[in-house]
Amino acid sequence: MKLHEVSLQEAITLLRSKRASSVELVNVFLERIKKYNPKLHAFITVRDEQEIIAEATKADQERAKGSDRLLLGIPIVLKDNFLTQGLRTTAASKVLDDYIPQYDATAVSRLKNAGAIILGKTNLDAWGHGSSGEHTEYGITRNPYDYERVTGGSSSGSGAAVASDLCIAATGTDTGGSNRQPASYCNLVGLKPTYGRVSRYGIIAMASTTDSIGHLTKRVWDSAAILSVTAGNDPLDATSSTEPVQQYHERLADKGRVKIGIPKEFFEGLETKLVTKVLQALDVLKARGHRLIEISLPNVKYAYAIYCVTVSSEVSSNLARFDGIRYGFPRQRFQDEAKRRIMIGTHSLSAGYADQYYKRAIAGRTLLIREFEEAFQKVDLIAGPVFPFPPFKHGEREKDPLKMYLSDVLTVPANLTGHPAISVPIGFVDNLPNGLQLIAPHFSETRLFRVSLEVEQELRMYERKPRLKQ
Ligand code: GLN
C-alpha cells in the first residue's frame with residue numbers, strides 16, 4: 001500500500017512501529033496537495049509548509065521519547081468553519097475573507113492535544129448552506145471520482161481532501177446532512193454524532209439546535225477513534241452533554257445482532273438503481289444475522305419543511321452578528337443563499353407570522369422526535385439511503401434552490417431529532433459512489449460504528465480509489 005492511501009488506523013500502526021515517520025507523512029500529503037488541489041479546490045487555506053514540517057519533526061521526537069498520544073503526528077484537515085487560532089477562518093464567505101480567530105474551537109484544541117497536525121482549512125458551501133459544494137466563494141469543489149460532478153455538501157472540501165488522499169481525515173459540521181452527504185458522494189465514512197456529543201464552541205454557528213460536530217474518514221475505525229478524542233462535555237458549551245464518553249474505537253469487536261428498521265418513506269420516488277444498491281447492502285447485514293423490519297415514519301414527509309423554517313430562523317439570528325461593525329466585511333458581501341435564508345428566517349420569526357411558521361415548525365419537530373422515539377422502542381437502528389439521487393453535475397441544481405433543497409430530505413430528520421447518524425460506503429451506481437445511512441438512538445454511536453464496520457468488512461469499498469487529474 002502507498003503511504004498516502006493509509007487509513008488512520010494504519011497510519012497509527014506505522015508510526016508506532018517506526019515504519020514511517022510523521023515527517024514522511026506530512027511531506028507526502030503536502031506534495032499531493034500541491035499537485036491535485038488546484039483542480040479539486042478542496043482547500044481554502046493550506047498552512048505554511050515549514051510550520052507543518054516543524055510540528056511533524058517535534059511529533060517524531062516526542063514519539064521517540066515514548067509518548068503515544070492517539071493522534072500524535074497524524075495529518076488532518078479542518079472544515080473552514082472551525083475557528084483556528086492565528087489561522088484564517090472564512091466559512092467560505094468573503095464576509096470573513098481576512099478573519100483570523102483569536103482562539104481554537106474546542107474540537108480543534110482536543111484534536112491538537114491528541115497530537116494531530118493541521119494541514120489546512122477545507123472548502124464548504126458558504127456558512128454551511130448547501131448540499132453540493134457549489135455555494136462557496138473559493139472555487140467549486142470537484143468530486144474526485146468525476147470532476148464534472150459535485151462532492152456533496154456542505155463539507156465538500158473535507159470530502160474531496162480525504163477521498164483524494166490529501167490527508168488522513170477531516171472534520172466537518174452536520175446541520176442537515178453535511179458530513180453524511182459528501183461522505184456518500186466521495187466513498188467515505190461520514191459521522192454526525194448525537195446533538196451535544198461534541199462541543200460546538202468555536203464553530204461558526206449555522207443553526208444552533210441542529211449543528212453537530214463530526215468528521216469524514218476513510219474507514220469506520222478511524223471515525224470511532226476521532227470521536228473518542230472530540231466527544232465530551234465542555235464548560236464553554238452549555239448544550240454539550242455530560243453523558244460519559246467511550247473509547248469508541250476499542251468497542252467495535254462485539255458482534256451483537258440488531259433489529260434494523262427500514263422506513264418505507266425513505267425510498268419513495270428514488271431511482272431504482274439506487275434503491276437496489278441500498279437494498280443489496282441491507283441484505284449483507286441480513287446475511288450476517290441482523291433482522292430487517294419494515295417500518296413507517298409518516299411525519300418524515302414534513303421533515304424538510306420543518307427544517308427549512310427552524311434552520312432558517314436560527315440562521316437569520318446567527319448571521320446577525322456579521323454586521324460589518326464588530327468584525328467581518330459589510331453585509332453586502334453575503335451571497336444569494338445566505339440572503340435567502342436570512343429573509344426566510346426573519347419572516348418566519350416576525351410578529352404576525354411566527355405562529356403560522358416558526359411555532360408550527362417547532363410543534364412538527366416535536367411530533368417527529370416522538371415518532372423516532374417510538375420507532376426506537378421497536379428497532380435498534382434505522383437505515384436508508386443518504387441522498388435521494390447519485391452525484392449530480394455541477395450547475396444541475398444550483399440555479400433552482402428548491403431542487404437543491406430536495407437533496408436533504410433523507411438527512412435532515414436525524415438533525416431535527418438529534419439522533420446520531422452515519423454514512424458508510426456501499427458501492428457505485430454508474431461509476432459514482434453512494435452511502436448507506438444508519439441512524440441510532442441518542443448516544444448509541446458505538447452501535448452505529450459496529451454495524452457500519454460489518455458493511456465495510458463485507459463490501460470493502462475503501463479499496464476503490466479515484467483516478468485523479470492534474
Ligand atoms: N444541505 C443542508 C442545507 O443546506 C445541510 C447543511 C449542513 O448540514 N450544514 O441546509
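Note that the structure is predicted; figures quoted are calculated from it, not measured. We count ligands from 1, going down the list as the structure has it; atoms in each ligand are counted the same way.
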| said: Under 4.0 Å, counting heavy atoms only: does Tyr405 come that close to any atom of ligand 1? | reply: no

| said: Tell me whether Gly130 has any N or O atom under 3.5 angstrom from an N or O of ligand 1. | reply: yes

| field | Per-atom contacts, ligand 1 versus Met206 - under 4.0 Å to a heavy atom | value | 9 (N), 10 (O)

| said: I want to check a possible cation-pi pair here: Arg219 against Tyr462, using under 6.0 Å from ring centre and within 45° of the ring axis as the test. | reply: yes

| request: Kindly determine whether Phe334 and Trp127 satisfy ring-ring contact (aromatic ring centres under 6.0 Å, His included), including the steps that lead there. | output: CA-CA 10 Å; Phe334 277 122; Trp127 309 105; 5.5 Å; yes

| message | Can you pull out every ring pair (Phe, Tyr, Trp, His ring centres under 6.0 Å) where at least one residue sits in residues 162-184? Sequence neighbours excluded, please. | response | none

| Are any of the side-chain nitrogens in Lys359 or Asp355 under 4.0 Å away from the carboxylate oxygens of its partner? | yes

| Between Glu337 and Arg341, is there a salt bridge with N-O shorter than 4.0 Å? | yes

| field | Those atoms of ligand 1 less than 4.0 Å from some heavy atom in Tyr307 | value | 2 (C), 3 (C), 5 (C), 6 (C), 10 (O)

| For ligand 1, is there an N or O atom under 3.5 Å from any N or O atom of Asp174? | no

| said: Regarding ligand 1, does Arg341 bring an N or O atom to under 3.5 Å of one of the ligand's N or O atoms? | reply: yes

| For ligand 1, is there an N or O atom under 3.5 Å from any N or O atom of Gly128? | yes

| task | For ligand 1, find out whether one of its N or O atoms is nearer than 3.5 Å to an N or O atom of His129. | result | no

| According to the ring pair (Phe, Tyr, Trp, His ring centres under 6.0 Å) rule, which pairs have a member within residues 83-110, sequence neighbours left out? | Tyr99-Tyr327, Tyr103-Tyr201

| message | Is it the case that ligand 1 has an N or O less than 3.5 angstrom from some N or O of Lys79? | response | no

| If you measure from each non-hydrogen atom of Met404 to ligand 1, which part falls under 4.0 Å: side chain, backbone, both or neither? | neither

| request: Kindly indicate whether a cation-pi arrangement holds for Lys94 with Tyr138, taking the cut-offs as under 6.0 Å to the six-membered ring centre and within 45° of the axis. | output: yes

| message | With heavy-atom distances below 4.0 Å as the criterion, list the atoms of ligand 1 near Gly177. | response | 8 (O)

| task | Could you tell me which atoms of ligand 1, counted from 1 in the order shown, lie closer than 4.0 angstrom to a heavy atom of Asp408? | result | 1 (N), 2 (C), 3 (C), 4 (O)

| Does a donor on one side chain and an acceptor on the other come within less than 3.5 Å for Asn431 and Tyr145? | no

| said: Less than 4.0 angstrom from a charged side-chain N to a carboxylate O is my criterion; do Lys403 and Asp400 meet it? | reply: no

| query | Among Ser178, Ser312, Ala207, whose heavy atom sits nearest atom 6 (C) of ligand 1? | reply | Ser178

| Proximal atoms of ligand 1 relative to Ser131 (non-hydrogen, under 4.0 Å) | 1 (N)

